[in-house]
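Proteins come first, then strands; the chains are lettered A, B, ... in the order of their sequence lines, and each starts at number 1. Just so we're clear, the structure is a prediction, and the values are computed from it rather than from any experiment.
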Number of protein chains: 2
Amino acid sequence: MAKVTRDDVARLAGTSTAVVSYVINNGPRPVAPATRERVQAAIKELGYRPDRVAQAMASRRTELIGLIVPDARQPFFGEMAHAVEQAAAERGKMVLVGNSDYVAEREVHYLRAFLGMRVSGLILVSHALNDNAAAEIDAWDARVVLLHERPEAIDDVAVVTDDIGGAQLAVRHLLEHGHPYVACLGGVAETPLVGDPVSDHVEGWRRAMQEARIPTEGRLFEAPYNRYDAYQVALELLAGPHRPPAIFCSTDDQAIGVLRAARELRIEVPEELAVAGFDDVKEAALTDPPLTTVATDRTAMARAAVDLVLDDGLRVPGSRRERVKLFPSRLVVRRSCGCR
Amino acid sequence: MAKVTRDDVARLAGTSTAVVSYVINNGPRPVAPATRERVQAAIKELGYRPDRVAQAMASRRTELIGLIVPDARQPFFGEMAHAVEQAAAERGKMVLVGNSDYVAEREVHYLRAFLGMRVSGLILVSHALNDNAAAEIDAWDARVVLLHERPEAIDDVAVVTDDIGGAQLAVRHLLEHGHPYVACLGGVAETPLVGDPVSDHVEGWRRAMQEARIPTEGRLFEAPYNRYDAYQVALELLAGPHRPPAIFCSTDDQAIGVLRAARELRIEVPEELAVAGFDDVKEAALTDPPLTTVATDRTAMARAAVDLVLDDGLRVPGSRRERVKLFPSRLVVRRSCGCR
DNA sequence: GCACGGTGCGGTACCGGTTCCGTACCAGGA
DNA sequence: TCCTGGTACGGAACCGGTACCGCACCGTGC
């Protein structure tokens, strides 16, 4: 069976192809109701589906948004990607997801691939935005918004959360339980990442410690941002001679690894080790003990990112448009910190 | 900065646009080395990137594979999607992932969207293939392969694993530990799904029980295929008056929920409750206790699916082409079953 | 009764590539 | 010298839509 094209529809409806086009996109010119109906009947009868590629070609637009994340298998990114898809779907757009696996070449690869597919915008939960890439993005005139990523350049459009403040909240809370100090499990920065929100979590820890006049030296440890590597690192740290009384992890996924290591070593959480994370992934409520963490409103952030990318700025009451949208983060107290 | 097109390159290189095309795709006609070099220099100088949309339009092909999964946030599907991406990348293709969230309309939505984008093939870890959809797929002449999905129609192309046999392996193993019976946590089938591999896991359980002449009545429980819902169901089941001595879960994600519920209820695994799952997701090695489960070779399966979708059949030694590729599944013994 | 403005639609140029067809050019053989 | 065959490239049709331009037809106002 050959593919049905607009020509077939036009022929059956007895109109020109232009009218078919006007009917399927409701514009740009009006169509008389009777004609419209004939066309719609023909579309239905033939089972016509417009060819997206041809539409994109002709209109120089698409209904696509490209999303680049480090690794969608990690709960935080998976949930974020899902939220973006939902938000995009609400506005009739589809999202294309690319996993960079934390390697810069793959980020650029996806960025180029998405641009070549004429996405109308890009949302980056990633670090691909160097000057070089920016010029290319510009040439294809796509819009970019950084999500969960601190903007570096003055004209970056971004949706961020209060990472430093959120981390401070968590660390202060841990401190209030009377621990002499709180250790921190930060990320491994093989390639120093600019604008990395997770490193802001470490900064928040540092500030909270400083407020309390507690030294931070030798209390910062590092592991990749996932549970498996964090588990390995924690195994060593917790079995060592300087086991901390409390630990703040820069992501929940790491915290999950720490919890697992503690169990392995028969260290009771929170009695012998208090733990807090960051992100409030869905699983944080189902760990044992449930994880105290810092939550951000992913749904709202995803929606804001989609709005920014599609509308070039967020509508705000004062009729101006904002280019950076900051969301608050809040502490979610469960049991791993020692409460209850 | 305006976008660089093939015309700009041709002008700078002093050739026709056709030659530019021949150079960038190495064919279909040969180009003299000197000319080729001039064109390549021009491409580099201008930073030219071919427009994928226009290429797709003109050539009626793309380098895209559409992948539809129920929910990539679930570890099994996430890992499978990742494996497919890897396999596709090895062959220079990109994959588009759609999450159906287990609803049929969304499957069809993505299917149509992907066809409209002229994907060269579709890999379904899903149930979208009804006759209606098949006709559409045919019209757009894309190829489809079912992955991890039992084929229903005689001409379906599929990559499957031995679900029934694998489940039998796990249940037999549980039985060998001397339990009087093994309960089963299957899936909820609101919409009866044809070809659902997970329901084959239940079938495997049934057969293993029958082999051992143990009745199955009242020993099959149901929960959606994820840890959160399984946790809720398990909480009730394990706290009830008929707590089973052992339970086989149709997915690892469910098993993780069961493990969590057992801990909550202070039921020791495996001493008071033996547990086994299916899939061998990465996390299965990191549960407490580590989960005994059934593994399949996701990497090989993904690669086979990509080969099938791109080559219309798998090359086999005997020069024939197979249309259904069956992979074995094997038992991975860890500690949740009671071993060691 | 005629000029005029508005509405509804057909014709068609164009988006940026691919690829067929044909031609110009050159070398070699008759 | 002329014809033949092969190679290297230019020209242009085409993919399936979008959207501009302009014409035909109608109703209205003077």
Side-chain angles (χ1 to χ4, degrees), chain A residues 2-40 42-43 46-64 113 115-118 120 139-141, chain B residues 2-40 42-43 46-64 112-113 115-118 120 139-142:
Chain A
K3 204 173 70 180
V4 179
T5 74
R6 171 209 52 166
D7 293 22
D8 303 316
V9 175
R11 201 170 312 122
L12 180 61
T15 73
S16 73
T17 62
V19 174
V20 176
S21 183
Y22 297 153
V23 170
I24 66 180
N25 348 291
N26 273 320
R29 304 203 59 79
V31 174
T35 314
R36 167 180 302 272
E37 227 144 276
R38 282 212 321 285
V39 172
Q40 264 153 355
I43 289 176
L46 298 172
Y48 167 69
R49 310 253 162 225
D51 183 323
R52 297 288 171 196
V53 172
Q55 283 185 316
M57 170 92 240
S59 66
R60 283 183 288 314
R61 298 183 248 101
T62 59
E63 304 290 82
L64 301 175
L115 287 176
M117 294 170 76
R118 301 230 189 130
S120 54
W140 290 84
D141 85 339
Chain B
K3 204 174 69 181
V4 179
T5 74
R6 170 209 55 166
D7 294 21
D8 303 315
V9 175
R11 201 170 312 122
L12 180 61
T15 72
S16 75
T17 61
V19 174
V20 176
S21 183
Y22 297 151
V23 170
I24 64 181
N25 348 294
N26 271 321
R29 303 203 59 81
V31 174
T35 314
R36 168 180 301 272
E37 228 144 275
R38 282 213 320 286
V39 172
Q40 262 152 358
I43 289 176
L46 298 173
Y48 167 69
R49 312 249 163 229
D51 183 323
R52 298 288 171 196
V53 172
Q55 283 185 316
M57 171 92 240
S59 66
R60 283 182 290 312
R61 299 183 247 100
T62 58
E63 303 291 82
L64 301 174
R112 283 212 240 275
L115 287 176
M117 294 169 76
R118 300 233 189 127
S120 55
W140 290 83
D141 85 339

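Looking at heavy-atom distances under 4.0 Å, A:Val20 makes no contact with the nucleic acid at all.
Across all non-hydrogen atoms, the minimal contact from A:Met117 to B:Leu64 is CE-CD1, 3.7 Å. When all heavy atoms of A:Val31 and A:Tyr22 are compared, the closest pair comes out as CG2-CB, 3.5 Å. Between B:Thr62 and B:Ser120, the shortest heavy-atom contact is OG1-N, 3.5 Å.
Computed from C1' positions of five pairs at each end, the angle between the two local axes of the helix from C:dG1-D:dC30 to C:dA30-D:dT1 equals 70°, rounded to 10 degrees.
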In sequence, state the C-alpha distance, the side-chain angles, and the governing distance for B:Leu115 and A:Arg49, and then conclude on side chain to side chain contact (heavy atoms under 4.5 Å, CB included). CA-CA 10 Å; B:Leu115 287 176; A:Arg49 310 253 162 225; over 6 Å; no
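Remark: A:Arg52 engages no residue in a salt bridge (charged side-chain N to carboxylate O under 4.0 Å, His left out) (not counting sequence neighbours). With sequence neighbours left out, B:Arg6 forms a salt bridge (charged side-chain N to carboxylate O under 4.0 Å, His left out) with no residue at all. Residues meeting the salt bridge (charged side-chain N to carboxylate O under 4.0 Å, His left out) test with A:Arg118, sequence neighbours left out: B:Asp51. Partners of B:Arg11 according to the salt bridge (charged side-chain N to carboxylate O under 4.0 Å, His left out) rule, which considers only residues two or more places apart in sequence or in another chain, are B:Asp8.
The CG atom of B:Asn26 sits 12 Å away from the P atom of C:dT18 (whole-angstrom rounding). Distance CZ (A:Arg61) to C1' (D:dG16): 15 Å, rounded to an integer number of Å.
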Quick one, give me the B/S/- string for nucleotides 10-17 of chain C, reading 5' to 3', where B means a protein heavy atom under 4.0 Å from the base and S means that only happens at the primed atoms, P, OP1 or OP2. BBB--BBB
